[in-house]
Amino acid sequence: VKDLAEKLLHLGWNVVVEKTNVDYREMISAISEFAKDHVKSNTAVLFYFSGHGFCCDGDDYLCPIDTDVSEHLARDTNLSLTKLLEKMRG
């Protein structure tokens with residue numbers, strides 16, 4: 001993450017490294033804050049996630065550190081990429 005941040009800074013990007021190794025609540029909170037503070041119209045945003053993910057019922061999910069991939073809990077304890085993209089669109 002640090003190497004990528006350095007490269008992006010060198011290219012002129014405003015780099016915000018929010019969180020690492022977060023649980024579900026921290027992940028949702030950090031993404032909501034990031035979207036509120038940095039996602040504006042006509043602005044390019046790069047969201048970088050390094051971790052695990054999976055597909056369930058046609059949607060993709062990012063896994064926080066306290067993830068549960070049991071079929072009945074997957075949607076409640078992991079971050080849907082569909083919801084993430086909605087937040088990033090503003």
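Both backbone and side-chain heavy atoms feed into the values below; hydrogens, waters and symmetry mates do not. Because the structure is predicted, anything quoted here is derived from the model rather than measured.
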- Backbone of Asp23 reached by a side-chain donor or acceptor of Glu26 within 3.5 Å: yes
- Query: Does Thr82 have any side-chain contact (heavy atoms from CB on, under 4.5 Å) partners at least two apart in sequence or in another chain, and if so, which?
  - Reply: Asp59, Ser80, Glu86
- How would you list all residue pairs meeting side-chain hydrogen bond (donor to acceptor under 3.5 Å, both in side chains) that involve residues 40-56, not counting sequence neighbours? none
- Query: Looking only at atom types and distance, does a side-chain atom of Ser32 sit under 3.5 Å from a main-chain N or O of Ile28, one as donor and one as acceptor?
  - Reply: yes
- Grab the two heavy atoms, one from Asn78 and one from Pro64, that are nearest each other, plus how far apart they are. OD1-CD, 3.5 Å
- Query: Phe49: what forms a side-chain contact (heavy atoms from CB on, under 4.5 Å) with it, not counting sequence neighbours?
  - Reply: Met27, Phe47, Leu62
- Message: To check you understand the geometry: which heavy-atom pair defines the closest contact between Gly53 and Cys63, and what is its length?
- Response: CA-SG, 3.9 Å
- From Leu85 atom CG to Asp60 atom CG, the distance as rounded to the nearest 0.5 Å: 9.5 Å
- Item | Shortest non-hydrogen contact between Asn21 and Ile65, atoms and distance | O-CD1, 3.5 Å
- Minimum heavy-atom separation for Val45 to Met88, with atom names? CG1-SD, 4.2 Å
- Results of side-chain contact (heavy atoms from CB on, under 4.5 Å) for Leu8 - residues two or more places apart only: Leu4, Trp13, Val15, Leu46
- Query: Which residues pass the side-chain contact (heavy atoms from CB on, under 4.5 Å) test with Lys19, sequence neighbours left out?
  - Reply: Val22, Ala30
- Write out all pairs satisfying ring-ring contact (aromatic ring centres under 6.0 Å, His included) with one or both partners inside residues 17-44, taking only residues at least two apart or from two chains. Phe34-His38
